[in-house]
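Worksheet: one structure, shown below.
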Amino acid sequence: MSFACVAETKDRARCRETVEQNGALCPTHEYQLQRGGTVRRASAPDRVLVKFRVNPNTTRRLRDAGIPFRMRRNFLERDTQHAEQAEAVRRDPLRYRAVADSGVPVFGRDGIAAVVLSDLITEMKEAGYVVSDIHLEPTRNEGMNVLVLSITNEGGIQSSLPEVVDNLLMSCWGHVHVWANPPDADGKITHTVNLAHRKDGEVNRALRFASGLWAYDVKE
């Protein structure tokens with residue numbers, strides 16, 4: 001399994017080189033450090049978007065709990081913006097997927113499997129973050145939707161989490177991908193946690209924020 005190097009580039013983006021151990025530096029940044037240079041750890045995000053891919057039945061329960069549905073901007077517009085952000089930090093936007101990405105997959109191209117997020121919100125709250133917004137969005141695939149939790153470090157009122165959302169955090173997710181994106185035009189950094197294939201079964205890992213560097217604990 002590969003992980004993203006934890007160093008920060010001159011553009012304040014997370015290094016795109018991969019390592020075999022989470023929390024390690026790639027050979028380039030390790031050599032720079034050994035030569036007496038300065039290597040900065042990647043900056044913590046200003047915002048984290050946790051996105052749960054949900055089916056129509058779960059969507060119905062979320063709507064019944066009062067969570068609003070929002071039509072997001074055009075997907076083509078989003079892809080164009082991501083491509084421009086990638087090019088601004090000299091990256092190939094199609095390096096990992098057929099759709100444009102500007103960020104780094106923290107847990108490699110394949111992400112991690114059998115993951116629960118039961119302690120993530122508490123950990124982030126202790127780090128000064130709050131859930132500032134909850135809503136549903138459509139996906140590219142008809143019939144499925146995305147529940148989005150927007151978690152920020154800029155204060156504000158903590159949104160209460162309905163029981164149906166707590167259940168999603170406690171659920172086992174078959175595929176989890178964490179993306180560390182470069183700063184936007186305002187210098188703000190957003191990380192995205194994408195979760196898909198909710199399933200019953202043995203949980204193998206628990207996702208941790210780890211001060212914005214991301215890690216996981218192996219469940220025993």
Considering non-hydrogen atoms only, spot the tightest contact between Ala4 and Pro105 and give its length.
-> CB-O, 4.0 Å
State, without any angle test, whether Asn181 and Thr190 hold a side-chain donor-acceptor pair at a distance under 3.5 Å.
-> no
salt_bridge(Arg208, Asp217) N-O dist < 4.0 Å = yes
Same apolar cluster (I L V M F W Y, side chains within < 4.5 Å links), Val48/Val115 | yes
Any side-chain heavy-atom pair of His135 and Glu137 under 4.5 Å = yes
Output yes when a side-chain donor or acceptor of Asp46 lies under 3.5 Å from a complementary backbone atom of Ile189, and no otherwise.
-> yes
Linking I/L/V/M/F/W/Y whenever their side-chain heavy atoms sit closer than 4.5 Å, directly or via other members, would Val131 and Leu49 fall into one cluster?
-> no
If you round to the nearest 0.5 Å, how far is CZ of Arg198 from OG of Ser171?
-> 3.5 Å
Say whether Val164 and Leu161 are linked into one hydrophobic cluster, either directly or through other cluster members, by side-chain heavy-atom distances under 4.5 angstrom.
-> yes
Give, for atom CG of Leu149 and atom CD1 of Ile121, the distance between the pair rounded to the nearest 0.5 Å.
-> 6.0 Å
Any idea which heavy atoms bring Phe69 and Arg63 closest together, and the distance?
-> CB-NH1, 3.4 Å
Mind checking whether Val146 and Leu207 sit in one hydrophobic cluster, side chains of I, L, V, M, F, W, Y counted as touching below 4.5 Å?
-> no
Looking only at heavy atoms, the pair that brings Ile151 and Tyr129 closest together is CG2-CB, 3.7 Å
Side chain of Thr58, backbone of Val54: donor and acceptor closer than 3.5 Å?
-> no
Criterion side-chain contact (heavy atoms from CB on, under 4.5 Å) on Val176 and Tyr216, from CA distance to verdict = CA-CA 11 Å; Val176 178; Tyr216 61 83; over 6 Å; no
Transitively linked via ILVMFWY side-chain contacts under 4.5 Å: Leu25 with Val104?
-> no
Taking the side chain as every heavy atom from C-beta outward, state whether Val50 and Leu195 have any atom pair closer than 4.5 Å.
-> yes
Value rounded to 0.5 Å, distance of NZ in Lys51 from CG in Leu136 = 12.5 Å
Pro138 versus Asn145, closest heavy-atom pair with distance = CA-OD1, 3.6 Å
Please examine the side chains of Leu169 and Leu120, heavy atoms only from C-beta on, and report whether any two atoms are closer than 4.5 Å.
-> no
Which heavy-atom pair separates Met170 from Ser118 by the least distance, and what is that distance?
-> SD-CB, 3.3 Å
Using a 4.5 Å cut-off on heavy atoms from C-beta on, say whether the side chain of Val6 contacts that of Arg14.
-> yes
Hey, does the side chain of Trp173 reach the backbone of Leu117 with a donor-acceptor pair shorter than 3.5 angstrom?
-> no
Check: Ile134 and Val148 side chains under 4.5 Å, non-hydrogen atoms = no
Report yes if some heavy atom in the side chain of Val19 is under 4.5 Å from a heavy atom in the side chain of Cys26; otherwise report no.
-> yes
Is there a donor-acceptor pair closer than 3.5 Å between any side-chain N or O of Asn55 and the backbone N or O of Asn57?
-> yes
Closest non-hydrogen atoms of Ile67 and Pro162, given as atom of the first, atom of the second and distance, are CD1-CG, 4.3 Å
What is the distance from atom CD of Glu30 to atom SG of Cys5, rounded to the nearest 0.5 Å?
-> 9.0 Å
Indicate, with yes or no, if the rings of Phe209 and Trp214 have centres closer together than 6.0 Å.
-> yes
Within the distance-only criterion (no hydrogens, no angle test), does the side chain of Glu17 pair as donor or acceptor with the backbone N or O of Thr28 below 3.5 angstrom?
-> no
Starting at CZ of Arg53, measure out to NE2 of His175 and round the result to the nearest 0.5 Å.
-> 11.0 Å
Salt bridge Lys188-Glu154, side-chain N to carboxylate O under 4.0 Å = yes
Within-4.5 Å side-chain heavy-atom neighbours: Phe52 and Asn194 | no
I would like to know whether Arg70 and Asp133 meet salt bridge (Lys or Arg N to Asp or Glu O under 4.0 Å); could you show each step before the answer?
-> CA-CA 12 Å; Arg70 297 179 189 164; Asp133 181 72; 2.9 Å; yes
Tell me, with the steps shown, if Leu62 and Val165 meet side-chain contact (heavy atoms from CB on, under 4.5 Å).
-> CA-CA 8 Å; Leu62 291 166; Val165 176; 3.9 Å; yes
Should Val106 and Trp179 count as side-chain neighbours, where that means a heavy-atom distance under 4.5 Å?
-> no
Starting at OG of Ser43, measure out to CG of Leu213 and round the result to the nearest 0.5 Å.
-> 9.5 Å
Between the side chains of Thr152 and Arg47, is a donor N or O closer than 3.5 angstrom to an acceptor N or O?
-> no
